[in-house]
Amino acid sequence: MRKGIMRLFVPAPSDFSFLETVSAHGWRRLLPFVWNEDALTLVRTEELSEQLITLTISAADDVVQVETDRDCGEAELAARVSRMLQLDLPLTGFHAYCRTQPELIGIADCRRGRLLRSPTLWEDVVKVIATTNTTWAQTIAMSTRLVKEFGREGRAFPSAAETAAVPFDDFSSKVRMGYRSAYVHGIATRIADGTLDLEGWQTEDLTAETLRKRLLSLPGIGPYGAACLLLYLGKPAHVNSDSVARALLAKEMGQSVTDKDVHAFFKPHSEWQGLVYNFYPWKWNSSPVREGQ
DNA sequence: TTCCAGGGGTAGA
DNA sequence: TCTACCCATGGA
């Protein structure tokens, strides 16, 4: 191995699938994630130990391999990779439930149920806001501008502190997130001044409903955004119904449907309905966003 | 021009 | 709780 190159192996549970996790939704298309379709590796630049480090993540049976271009702390690196791939998410109960439902058995067989997420809740919140009321192409463009304009060396995702340090007019004109700019900059400012501890929410052992109320209190986060984020936080009892869900269900039903119809359709899956929706056969097989189109 | 996209905030009923 | 209207941006 070349000097400075570090390789770390992170144990993964037997019901984990790297490819299924990375492919679960569109996050791998948003900088600073770069998905290498040929090598099947996920590349990402992170700030670790106060230096920029590029991670190349791949996986074999029951283990995730992380190669870095510089030495860094193994514990912190493993923690970030674990969060990104939801390695600590227990899926036994979900897969057991899927095996009781004929149409869901494939979810368990393929080891689906984890979703790629960012190393921080802050980044996930920003990216969820960037998916609302816009096209996927614009979501990609917004994420790209965030990294290029405000990330360290134009390669890492800007921290809340880095974002808050940018004057709002400058931030807004460069990031071109429209009315979402005020939401993102406002959240960044609250994190930076210590009045909002987003990351701390993840270690408080909160109930799903308490967490949902807190997420809904964030500007720019409504029922759809909160359900997305709850899913990333391992709380799958809410369906992140959106225009894609409505269109797909309408196609199945042969008639126009509302959010209420989508929620009614998945309600029987109770505590698992958020995960069931995201991996439901007709959604999985026909999601343009998951395919990155 | 007008519409609308992986919605959300707000006011009024 | 529900509905209507507005919201920046950019592509069709």
Side-chain angles (χ1 to χ4, degrees), chain A residues 22-31 33 35 115-118 123-146 148-150 163 166-188 190 209 212-233 236 238-252 256-267 273-293:
Chain A
V22 171
S23 307
H25 63 151
W27 255 215
R28 71 191 184 284
R29 310 279 185 197
L30 304 180
L31 285 182
F33 283 122
W35 173 241
L115 295 103
L116 177 66
R117 55 183 181 177
S118 309
E123 183 178 329
D124 281 332
V125 166
V126 172
K127 286 179 170 173
V128 164
I129 290 174
T131 66
T132 60
N133 194 27
T134 190
T135 58
W136 180 242
Q138 290 209 68
T139 300
I140 293 175
M142 288 180 222
S143 296
T144 299
R145 288 191 289 267
L146 276 164
K148 300 283 187 189
E149 295 286 349
F150 307 111
T163 303
V166 181
F168 176 72
D169 289 345
D170 190 20
F171 176 76
S172 181
S173 64
K174 285 181 176 168
V175 79
R176 302 208 302 277
M177 296 181 80
Y179 60 87
R180 304 171 196 79
S181 300
Y183 300 156
V184 171
H185 199 268
I187 292 170
R190 287 170 56 194
E209 279 314 303
R212 182 168 184 268
K213 284 179 184 170
R214 290 196 185 181
L215 290 167
L216 288 171
S217 76
L218 298 172
I221 299 297
Y224 155 81
C228 285
L229 292 161
L230 283 171
L231 207 53
Y232 307 157
L233 292 168
H238 294 274
V239 173
N240 49 322
S241 179
D242 52 21
S243 57
V244 174
R246 292 190 295 276
L248 290 174
L249 183 59
K251 189 178 175 185
E252 287 295 309
S256 63
V257 302
T258 65
D259 272 343
K260 289 178 74 173
D261 297 318
V262 174
H263 287 120
F265 185 85
F266 288 100
K267 192 175 181 183
Q273 54 189 301
L275 275 176
V276 169
Y277 161 63
N278 275 272
F279 295 95
Y280 206 71
W282 48 249
K283 176 168 194 292
W284 182 262
N285 294 325
S286 58
S287 172
V289 170
R290 187 179 64 78
E291 297 302 326
Q293 296 169 358

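Model, not experiment: these values are computed from the prediction. Note on naming: letters A, B, ... go to the chains in the order of the sequence lines (proteins, then strands), and numbering restarts at 1 for each one. Both backbone and side-chain heavy atoms feed into the values below; hydrogens, waters and symmetry mates do not.
- Within the 4.0 angstrom heavy-atom criterion, no nucleotide atom of any strand lies near A/R145.
- Residue A/T134 is classed as a base contact, given a heavy-atom separation below 4.0 Å to a base.
- The side chain to side chain donor-acceptor pair (under 3.5 Å) check on A/H263 picks up nothing, with sequence neighbours excluded.
- Between A/F266 and A/Y280, the ring planes are perpendicular. Angles over 60° get that label, and only those under 30° would be called parallel.
- On the nucleic acid side, DNA chain C contacts chain A at distances under 4.0 Å to non-hydrogen atoms, with the end points of that region at C/dC2 to C/dG10.
- Here the side chain of A/R145 pairs no donor or acceptor atom with the backbone of A/M177 at under 3.5 angstrom.
- Here A/K260 lies in heavy-atom contact (under 4.0 Å) with sugar-phosphate atoms only.
- Scanning for side chain to side chain donor-acceptor pair (under 3.5 Å) contacts around A/N133 gives A/Y179, with sequence neighbours left out.
- Contacts of A/T131 classified as side chain to side chain donor-acceptor pair (under 3.5 Å), with partners at least two apart in sequence or in another chain: A/Y224.
- The backbone N or O of A/L116 lies less than 3.5 Å from no partner atom in the side chain of A/R28, so there is not a single donor-acceptor pair.
- In this structure, A/T139 has no side chain to side chain donor-acceptor pair (under 3.5 Å) partners at least two apart in sequence or on a different chain.
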Can you name the atoms? Protein N/O to nucleotides 9-13 of chain B N/O, anything below 3.5 Å, with the distance.
unit_1: B/dG9; atom_1: OP1; unit_2: A/G220; atom_2: N; d: 3.0

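- Ring-plane geometry between A/F171 and A/F150 is classed as tilted, the angle between the planes lying from 30 to 60 degrees on a 0 to 90 degree scale.
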